[in-house]
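In what follows, a single structure is set out as structure tokens and then discussed.
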Amino acid sequence: MKVRKAVITAAGWGTRFLPITRSQPKEMLPLVTKPLIQYSVEEAINSGIEQIIVITALGKRAIEDYFDRSFELEYVLEQKGETRLLQEMRELSDLVDVCYIRQKEQLGLGHAILTARGIIGEEPFAVLLPDDIIDSKVPTLKQMIAVYEQYKTNILAVERIGSEDTINYGIIEPGKISDHIYQVLRLVEKPEPSQAPSDLGVVGRYILMPQIFDTLEATPPGKNQEIQLTDALQLLLKQQAVYAYEFDGVRYDTGTPLGWLKATVTFALRNPDFGQELKEYLHQLL
Ligand code: UTP
């Protein structure tokens with residue numbers, strides 16, 4: 001069955017971005033000219049996804065407003081003769097079929113995904129964590145869908161991480177299948193470098209089979225009393241093959257101020273309108 005639906009989880013508190021996230025969803029922080037979440041939405045669309053389900057929570061209404069149509073704004077732009085902007089604003093709200101589910105209690109990533117069960121039904125689906133911005137020629141999700149088409153099972157995106165960083169990732173024990181594709185034999189959550197079974201860390205893109213929902217239901221609260229996706233995947237890999245795919249691209253963790261800054265500078269330097277000027281400015285500073 002085709003991967004037609006994608007879940008974008010945007011209900012977390014964003015504590016690493018406090019105090020900004022007291023009143024502003026971190027998913028709406030700008031990355032040069034667009035809010036962070038738009039990169040995941042565009043990646044999903046460019047990967048052939050037909051329906052996007054965004055998981056939100058209290059205080060995240062700005063996300064829903066952003067992808068909605070604003071007749072008032074369109075009227076103002078029309079009056080001002082701003083036809084190009086008007087066109088862009090219309091295109092934005094017509095991007096794709098987006099629906100929203102409110103996670104009423106922030107009980108973890110696993111719980112957030114579980115709230116989409118009714119809309120997903122019995123089909124494979126994608127999950128994108130909007131903090132992870134991946135810069136790649138072919139959208140990462142599209143690369144993963146191609147791997148899914150071949151193996152028809154769960155696919156996790158992995159990347160090689162520095163050994164000192166294992167404590168920040170789920171690390172897989174890989175069984176090599178082919179170039180860049182591994183079977184996940186074991187998944188260890190945030191191990192000390194000496195305990196890590198490899199240097200392949202799981203990042204925020206997944207293709208999951210619908211069986212994950214039963215597994216999530218059966219997963220007791222773990223770290224921070226949250227339902228952890230990693231715990232559910234550990235259960236799942238006892239019943240169903242879970243593969244890992246080392247994607248082709250560069251990932252930025254924009255969920256932290258430093259990661260967000262790195263992504264901002266990298267993307268801004270490429271901007272055709274002001275990239276060159278920014279480069280000169282940065283040279284002056286350094
Ligand atoms: P994180 O662990 O990065 O948490 O969530 P967070 O709240 O976004 O950020 P920090 O750590 O407090 O700074 C991973 C993903 O899971 C989603 C988040 O929105 C993010 O996409 N999430 C997390 C939910 O949707 N609901 C939750 O209850 C928890």
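All ligand and atom numbering here is 1-based and tracks the order in the structure.
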- Which residues pass the salt bridge (charged side-chain N to carboxylate O under 4.0 Å, His left out) test with E226, sequence neighbours left out? none
- Note on the structure: For V32, the hydrophobic cluster (side chain heavy atoms closer than 4.5 Å, chained through members) also holds F17, I20, L29, L31, L36, Y39, I133, V250, Y252, W260, L261, F267, F274
- Who's touching ligand 1 if we go heavy atoms under 4.0 Å? T9, A10, A11, G12, W13, G14, T15, R16, K26, E27, Q103, Q106, L107, G108, L109, A112, L129, P130, D131
- Task: Kindly say whether the aromatic ring centers of F213 and F125 come within a distance under 6.0 Å.
- Result: yes
Show which side-chain atoms of residues 177-185 pair as donor or acceptor with protein atoms under 3.5 Å away, not counting sequence neighbours.
from: Y182; atom 1: OH; to: R160; atom 2: NH2; distance (Å): 3.2
from: Y182; atom 1: OH; to: E246; atom 2: OE1; distance (Å): 2.8

- Would you say V3 and F247 are hydrophobically clustered, going by side-chain heavy atoms of ILVMFWY under 4.5 Å? yes
- Message: Quick one, Q106 and H111 - any side-chain contact, counting heavy atoms below 4.5 Å?
- Response: no
